[in-house]
Amino acid sequence: LVITLTGADGKEVGKQLVKDPFNPELEVYEKEGISRHKASLQNTEFSARFSYSENVQSVKIEKATDDGTQVVFTQKL
């Protein structure tokens, strides 16, 4: 997923990539060391943090695929 924040002037204020939230990679700490495992989830929540800006007027979330991007959510703030 690609999360984009847009300012009042229509310019991009911030952008962040959330890789595959339905199949996150989990770290397991054991005596032998750290191992990583993929988890497959039916439902999930995720969060993204951006620096504060009074200029942010909207947020857009797009699903990125090999064929391009598809808008899945937009919200004016």
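What you see is a predicted model, and the numbers here were worked out from it, not measured in a lab. No hydrogens, no waters, no symmetry mates; every other heavy atom, side chains included, goes into these values.
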[X] atom [atom1], over 12 foreign heavy atoms within 6.0 Å:
X     : atom1 : result
Glu27 : CD    : yes
Lys38 : NZ    : yes
Glu12 : CD    : yes

Looking at [X] and [Y], what are the two nearest heavy atoms and their distance?
X     : Y     : answer
Glu30 : Ser35 : OE1-OG, 3.8 Å
Ala39 : Leu26 : CB-CD1, 3.7 Å
Phe22 : Asn43 : CE2-CA, 4.2 Å
Ala48 : Gln16 : CB-OE1, 2.8 Å
Gly7  : Val13 : N-CG2, 3.3 Å

Is there a side-chain contact between [X] and [Y], using heavy atoms and a 4.5 Å cut-off?
X     : Y     : result
Arg49 : Ser47 : no
Leu5  : Ser58 : no
Ile3  : Val18 : yes
Leu41 : Pro24 : yes
Leu1  : Lys63 : yes
Glu62 : Val71 : yes
Val28 : Arg36 : no
Phe50 : Val56 : no

Problem set entry | Of all pairs that satisfy salt bridge (Lys or Arg N to Asp or Glu O under 4.0 Å), the ones with a partner from residues 64-77, not counting sequence neighbours |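 For residues 64-77, and leaving out neighbouring residues, there are no salt bridge (Lys or Arg N to Asp or Glu O under 4.0 Å) pairs at all.
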For this session: Any chance you could measure Gln57, atom CD, to Leu77, atom CG, to the nearest 0.5 Å?
Result: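 With rounding to 0.5 Å, CD (Gln57) is 7.5 Å from CG (Leu77).
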Exercise. For Phe73, which residues count as a side-chain contact (heavy atoms from CB on, under 4.5 Å) partner, sequence neighbours excluded?
Worked result: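 Testing Phe73 for side-chain contact (heavy atoms from CB on, under 4.5 Å), a comparison that skips the adjacent residues, returns Val59, Ile61, Gln75.
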For this session: Start with the C-alpha distance between Lys15 and Val2, add both sets of side-chain angles, then the distance that settles side-chain contact (heavy atoms from CB on, under 4.5 Å), and finish with yes or no.
Result: CA-CA 7 Å; Lys15 186 178 254 186; Val2 180; 3.8 Å; yes
